[in-house]
Structures are given as C-alpha cells and as structure tokens.
Amino acid sequence: MPELPEVETVVLSIRDQLVGQKFTNIDVRWPKVLFNFSKQDFINNIVQRNITNVHRRAKFIVISFAEEILAIHLRMTGKLYFSNGKTDEKHISAIIRLDNGQQLVFEDTRKFGRFYYYPSQDFLDEKLGIEPLGDAFTAAWLIENLHCKKRMIKALLLDQRLIAGLGNIYVDECLWQSGIHPETKSNKIPKKNISTLRDSIRNTLELSITARGTTVVNFSYLNGKSGKFSSQLHVFGKDGQPCAICATEIKKKRVAGRGTHFCPSCQKKRY
DNA sequence: CCATGAACCTGGTCGC
DNA sequence: TGCGACCAGGTTCATG
C-alpha cells in the first residue's frame, strides 16, 4: 500500500510513543507475519529491550534497539497503529504489548506485510538503493545511474535497489511532471529531463509528507485518518480525464507489470 | 541482463 | 441481487 511518504507518516505518528519504551509480549495471529524469526525469538531477544529509535529506511519502518532492529514492511494493506482497547478487527496479524500498557497493532487485510529481525540495519542497507530525500540524491547522481542502464524508466524507478521508497503512484506522477514516457529506455532520456525528474521526485515526496501521504479511495492506514495528498495527484487514477497541462485524455496501460497512467501528448515515447 | 507473469491474500467494483 | 472477471499503494521467484 504505502510508499515513502505514507511510511514516513506512520513513523512520525508512532515514534514518540515508542522511543524509550520496552515491548513485553507479542500476540501473533497470522504466523507468517514473522518472516525470519519466531515468537520465542521475539521473547528472548526483543522483550524488555530499550527502544532507542524509530525511523524509516526505504519503505521499512525500523524500530531500533542497541544494535538490532525490528523492521516492518506494510506491503499493500498493512497498518501500524496504537490501540488502547478493542483489538477485535478482522485482519489483525499481530499485536505487540508495551510495558506502559499500550498496544501496537499490525492490521493487514491482504496479509502481505512482514516483520524482520536483524542484527543490524546493514542487512537492509545492502539490498536497498539511495534515499531520494538524502543529500546524495542529486541530478548528477541520477543522470549517471540512468544513463549506464537501459531498462524502461518506470521499471527502474520502481526498483528499490536503485532508489528506495518510490512506488506506483509517485512514479507515475513524477514521470508526468518531467515529460517522460514510462516506457522510455533510461539511457535515452536527455539530461535536462532527468534533472527535472530529480526535482520532481524531491518536491512530490516532500509535499506528500507534508500532506500526511496519499489515501486511495477510502483506504486509511492511519487509524481512521487519511492523507490529503490525493487532491494533488495529476495522473494517477485519472485515466479518461483531461491532462492538467494540455487537456489530452490521460491513458492507462500496463507497464512493468503495473497499471500506469500518463499523458500521451506531454509524455512522448523516446527510443 | 531484461521483461513478463505468477504467487502471496482479501475485498471492492463493474458489467451482465 | 448475484456472480464472475478484474483490479489494487509491493516484492520475490521462475521462466523465456
């Protein structure tokens, strides 16, 4: 479900209540939610350990202890929130209890979400690419890394090993903003457009975080509250509607295995 | 190396 | 109202 801005929003919403606390127990209702460890591992290694930090890396929510981390990936429909009482929702995969009486609930309709336990964050970093909001993500970096490859730009932007955090919504939006057809081979894109793409990625992610993310349809991941960035989308979900720039009808087609929205006029194919 | 499709799951929507 | 087909903010694996 969520991309970088939505995960960041979740992190911001739970961080203050977690840092300095300790977990006391876990109630696992969908066993596969624990990807590479068991409930007993959780009890032995995580329970009663001080939570030193909560942050985002790519689309992972990272809960840090001394060295070790508990990483949570929401995939398509995962929600992570605090709940005081009722935990009788239909699709709860796990509930983690804290020593202050609070309960951290992981609700996940489609059950794709996973918890990972690693000795350090290096285990995540070695598989993940650059953070698009970090200082190293410059136009020069993007030009170099797109021009040395010749894959479709949409597939490349979705590849977490290159840039970590983008997903289907923001890729479509950013390609539209920078006038790049989603099927363009990455080595054929002019530097000027790549520079625009870089700025577009930055601006879009930052604006979306400010708006507390994007909520599609009625789906809310924030305990009932929904993100407000939906109103600033230009192409995602807009097929059949006129392009905001040229009024040409927005089209939708399958690219890199994903539903892809674009303006056939603003985003000409380049080979 | 690259593109594609299936798999993992459940539920909403659309057409008949 | 009911039913099947298709779609969904993600990632990984097998296949050609």
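Below, chains carry the letters A, B, ... as their sequence lines are ordered, and counting in each starts from 1.
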Checklist line | 5′-ward residue of the pair A:Thr260/A:Gln160 relative to DNA chain C | finding: A:Thr260
Check: NA contact type, A:Gly257, heavy-atom cut-off 4.0 Å: base, sugar-phosphate, or nothing?
Finding: nothing
Margin query: For the P atoms, the ones on B:dT10 and on C:dT1, what distance do you get once it is rounded to whole angstrom?
Written below: 26 Å
Margin query: Taking only side-chain N and O atoms of A:Arg258, does any of them lie within less than 4.0 angstrom of OP1 or OP2 on C:dG9?
Written below: yes
Next item on the list: Give every residue pair that meets the salt bridge (charged side-chain N to carboxylate O under 4.0 Å, His left out) criterion with at least one member in residues 100-110 of chain A, sequence neighbours excluded.
Entry: A:Lys79-A:Glu107
Item checked: Gap between atom NZ of A:Lys32 and atom CZ of A:Phe112 - 0.5 Å precision -> 10.0 Å
Next item on the list: Classify the nucleic acid contact of A:Lys59 as base, sugar-phosphate or nothing, counting any heavy atom under 4.0 Å across all strands shown.
Entry: sugar-phosphate
Item checked: Nucleotide-level pairing of DNA chain B, given in dot-bracket where Watson-Crick and G-U pairs need both distances under 3.5 Å and | marks other strands -> .|||||||.|||||||
Margin query: Is A:His73 close enough to C:dG10 that one of its side-chain N or O atoms is under 4.0 Å from OP1 or OP2 there?
Written below: no
Notebook entry, point to check: What's the spacing between A:Cys263 SG and A:Trp176 CH2 if we round to 0.5 Å?
Noted result: 8.5 Å
Item checked: Selected nucleotide, minimal atom distance to A:Phe236 side chain, candidates C:dG9, B:dA3, B:dT10 -> C:dG9
Item checked: Nearest-Å distance for atom pair CG/P, residues A:Asp108 and C:dT11 -> 13 Å
Notebook entry, point to check: With centres under 5.5 Å and planes under 30°, do A:Phe112 and B:dC9 count as stacked?
Noted result: no
Next item on the list: Name the nucleic acid region contacted by A:Lys252, choosing base, sugar-phosphate or nothing; use a 4.0 angstrom heavy-atom cut-off, strictly under.
Entry: sugar-phosphate
Check: Out of B:dG11, C:dG9, B:dC9, which has the shortest distance to the side chain of A:His91?
Finding: B:dG11
Check: Under 4.0 angstrom, heavy atoms only, what part of the nucleic acid is A:Arg254 near: base, sugar-phosphate, or nothing?
Finding: sugar-phosphate
Checklist line | Joint cluster assignment, A:Phe82 & A:Phe23, ILVMFWY side-chain distance < 4.5 Å | finding: yes
Check: How are the rings of A:Phe236 and A:His261 set relative to one another: parallel (under 30°), tilted (30 to 60°) or perpendicular (over 60°)?
Finding: tilted
Note to self: Taking the minimum atom-to-atom distance to the side chain of A:Arg110, which one of B:dT4, B:dC9, C:dT11 wins?
What the structure shows: B:dC9
Notebook entry, point to check: When we call it a touch if two heavy atoms are under 4.0 Å apart, what does A:Gly113 touch: a base, just sugar-phosphate, or nothing?
Noted result: nothing
Check: Checking ring pair (Phe, Tyr, Trp, His ring centres under 6.0 Å) for the pair A:Phe42/A:Phe115: CA distance, chi angles, key distance, verdict?
Finding: CA-CA 11 Å; A:Phe42 185 92; A:Phe115 290 10; 8.1 Å; no
Next item on the list: Write down the distance separating the P atoms in B:dC9 and C:dC3, rounded off to the nearest Å.
Entry: 25 Å
Note to self: Is it the case that B:dA3 (base atoms only) and A:Arg151 (side chain only) share a donor and an acceptor within less than 3.5 Å, ignoring hydrogens and angles?
What the structure shows: no
Checklist line | Atom P, compared across C:dC7 and B:dG5: separation rounded to whole Å | finding: 12 Å
Check: Is any side-chain nitrogen or oxygen of A:Lys90 closer than 4.0 Å to OP1 or OP2 of B:dT10?
Finding: no
Next item on the list: Look at the rings of A:Tyr116 and A:Phe35 and say which category their plane angle falls in: under 30° parallel, 30 to 60° tilted, over 60° perpendicular.
Entry: tilted
Note to self: Using a heavy-atom cut-off of 4.0 Å across all strands, would you classify A:Lys154 as base, sugar-phosphate, or nothing?
What the structure shows: nothing
